[in-house]
Protein chains: 4
Amino acid sequence: MSGASERPLRADAARNRAKLLDVATQVFTTRGIGVPTEEIAHAAGLGVGTLFRHFPTKEALLEAVVVRRLETITARTAQLAAEAEPAEAFFACFRLVVDQSAGKEEFTRALAAAGVDMHASLQESTTVIRAQLAELLSAAQQAGAVRCEVGLPELIALIVGTGTATEQLTADPAARERIFEVVFDGLRPR
Amino acid sequence: MSGASERPLRADAARNRAKLLDVATQVFTTRGIGVPTEEIAHAAGLGVGTLFRHFPTKEALLEAVVVRRLETITARTAQLAAEAEPAEAFFACFRLVVDQSAGKEEFTRALAAAGVDMHASLQESTTVIRAQLAELLSAAQQAGAVRCEVGLPELIALIVGTGTATEQLTADPAARERIFEVVFDGLRPR
Amino acid sequence: MSGASERPLRADAARNRAKLLDVATQVFTTRGIGVPTEEIAHAAGLGVGTLFRHFPTKEALLEAVVVRRLETITARTAQLAAEAEPAEAFFACFRLVVDQSAGKEEFTRALAAAGVDMHASLQESTTVIRAQLAELLSAAQQAGAVRCEVGLPELIALIVGTGTATEQLTADPAARERIFEVVFDGLRPR
Amino acid sequence: MSGASERPLRADAARNRAKLLDVATQVFTTRGIGVPTEEIAHAAGLGVGTLFRHFPTKEALLEAVVVRRLETITARTAQLAAEAEPAEAFFACFRLVVDQSAGKEEFTRALAAAGVDMHASLQESTTVIRAQLAELLSAAQQAGAVRCEVGLPELIALIVGTGTATEQLTADPAARERIFEVVFDGLRPR
DNA sequence: AATGAATGAGCGTTCATTCAT
DNA sequence: GATGAATGAACGCTCATTCAT
């Protein structure tokens, strides 16, 4: 599926690429996308040139970070959806996506922007997740676990918003949990 | 209130300052804080030099924008709190703050960062709002309109999160309304 | 005519702009267009930012250099054409254009490319010169001073080529003169 | 001749070297010397490393391209000089050199720079051609086919200039021919 | 007080060259 | 010998900030 079409990289090149993605994920997440590319390269123990060999523009690096995250989410969501019954799966996936997208404005924007001026790879990844979420939502609603009037756009908006909310409370896990309680209760039919 | 200590500006200087704030608010909100200062100055019909006379750094301008917004919120919140009974006042203020902070990451960050490395004027403004919200929350809880286990940090986090969520749905007011329904229902005691 | 539409620059700004053009002309001519912009700015006693304020891209600077040169040529050509009789005017202008374009590949290319992917200002300047040369050529041919089978494209090609030829001989004015003799004799009817 | 001192290359290495030269000639000629080395290597079906094994710097590659071209010219010139009588040989060689150097600023500069900061191999090649041209010129002058006052430097300058001129007219062979007529007529004694 | 020209550190990106594989 | 990943100096350009006018 993902990236299977490119020729296999040499072992060290693959390692460097992965290292760059890891560092970029970390740096973009914690300090925003304004961080100089050179700093990311050096944090990965590499020169700028190497970064640009792997990702032709800074934007491409950003996109790769987001796509990787989206693919992770997709995979775990599929697993959760297969293993649990509708209501449980729905809420577990909600948490999963919130947790995975925490701290990533880039990501949340990607999830939400849904189709507007998005690059192909992002487009594809978000489409898949949106389909998964739509499925989960529908099943949960049929099972009577979620209000019927909530649609996919509202669900996504709530996920993004809950992500933002929980980010405010990273220092207090119990408070963070209370946010989920409020939102989940609000999602259930009265 | 804030800024009462500076000498009164000449009429035209005051007008310029206000114009700059208006333009900056508009521009930062719609296009992000990356917009060049020169562009803001020109959109206000002024030169860059004048902008920097009024606001010694770009950050100071940003701060002034946020502070003005916070002061507006403070005033309206006080009014609402005085006019309505606890439950109604609480939810109305929740909406108010969400609406006023919509689109302003700067603002939400300011509200949430609450005390960490914040400039004095921001500190002051947020402290006031936090106090108001604490008051409203407490009254609403005593009136039985809001779950008891929700504290001020959770409330603020939910406000910020709801702001993010509703921003995703600017094109669909009905969906936007459903977000409030979910969050408000979730806040009420079962 | 040229540049009359822009607002008048402040005296010092105009001086800086002129200085930049002078330096750029000199540097591009002697060392090619590969010279870093920063070097040009510093050679003019200015910072890079100033250069880019006056000329938004390096290419724009190059174009301005060329246009200024073309305008000089146009003016002098008009003067020569008015003052002398056809044959004399033709050969004098030939020399003039060769001398003025000496060392400027940029220029010669501009003159020759005539219309392909050329910026508006260049287009305009070259069009004027081409018209002048066509006029001079036609008059000289009617006066029996120049072979009839030579057209404007050949004339321009010969001007460009003679420029290249004389550049090889900057150290020996007499030899340079012999180039003109050969070309001029070749242009006359046998 | 040139390069006779290196050890003979393995067959494949020799093939690669030739392929690189062919590709570089084509690419430099049509797109200028700014083309990245990596692109040349790949166009030759090789890696950059291989290119740099054969030519230690980009400049060395450029030089090799020019030298090969010069050697071709030398060989053909010798042949022409041997086969035809002075006047005919002179003009035929003039054409030959012009045609062969067309499109190659690099080349013309090499021919003209004659001795200044030129690498040994170029030095050698240009010296040979210069000698050939001097010979042809002298013979043609003695045969009364070329003006006496024209020296070798002027001849070379005219060749270079004629090359530049004809390049302007690649689209119109008849016009191109007229350039030669003008120059050749100009070269003849009156 | 207002202006906008000048500044230069800093950014994203390129490419000749080196060297581990 | 061949490869192409890695390197980093260098470039064109931006923009917050200063200061002469």
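As a basis for the values below, the full set of heavy atoms in this structure was taken, side chains included, without hydrogen atoms, waters or symmetry mates. Letters A, B, ... mirror the listed sequences (proteins, then strands); counts begin at 1.
- Atom CD in C/Glu38 sits roughly 11 Å away from atom C1' in F/dC13 (whole-Å rounding).
- To the nearest angstrom, C1' of F/dC13 lies 16 Å from NE2 of C/His54.
- The phosphate of F/dT7 (OP1 or OP2) has a side-chain N or O of A/Thr50 nearer than 4.0 angstrom.
- With the nearest nucleotide of DNA chain F identified for both A/Gly47 and C/Gly34, A/Gly47 has the one nearer the 5' end.
- The distance between atom CG of A/Leu61 and atom P of E/dC11, rounded to the nearest whole Å, is 16 Å.
- With the nearest nucleotide of DNA chain F identified for both B/Thr37 and C/Val35, C/Val35 has the one nearer the 5' end.
- Comparing A/Glu59 and C/Gly45 against DNA chain E, the residue whose closest nucleotide sits nearer the 5' end is C/Gly45.
- One finds the CZ atom of A/Arg31 at 8.5 Å from the CD1 atom of A/Ile40 (value rounded to the nearest 0.5 Å).
- The shortest non-hydrogen separation linking D/Leu20 to D/Ala44 is CD2-CB, 3.8 Å.
- Straight-line distance from the CZ atom of C/Phe52 to the P atom of F/dC11: 12 Å, rounded to whole Å.
- Taking all atoms of both residues into account, the shortest heavy-atom contact from C/Phe52 to C/Thr57 is CE2-CA, 4.1 Å.
- In this structure, A/Phe55 and A/Ala64 approach most closely via the heavy-atom pair CE2-CB, 3.6 Å.
- Using a 4.0 Å cut-off, no side-chain N or O of B/Asn16 falls inside it from OP1 or OP2 of E/dA1.
- Atom pair B/His42:NE2 and F/dA16:P shows a separation of 14 Å (rounding to whole Å applied).
- Using N1 to N3 plus N6-O4 or O6-N4 for Watson-Crick, or N1-O2 and O6-N3 for G-U wobble, each under 3.5 Å, F/dA5 pairs with E/dT18.
- Of the candidates F/dA5, E/dA5, E/dA2, E/dA2 carries the atom nearest the B/Asp12 side chain, counting heavy atoms from C-beta on.
- C/Leu51 has its CG atom 11 Å from the P atom of E/dT7, to the nearest Å.
- With rounding to whole Å, D/Ile40 atom CD1 is found 14 Å from E/dT17 atom C1'.
- Checking F/dG4, F/dT17, E/dT13 against every side-chain atom of A/Val48, the shortest atom distance belongs to E/dT13.
- Along DNA chain E, the nucleotide nearest to A/Gly49 and the one nearest to B/Gly49 differ in position, and the one closer to the 5' end is contacted by B/Gly49.
- Nucleotide F/dC11 holds its P atom 14 Å from the CD1 atom of C/Ile33, rounded to whole Å.
- Taking every side-chain heavy atom of A/Pro36 into account, E/dG12 is the closest of E/dG12, E/dT17, F/dG12.
- Between C/Asp22 and C/Arg68 there is a salt bridge, since a side-chain N of the basic residue sits under 4.0 Å from a carboxylate O of the acidic one.
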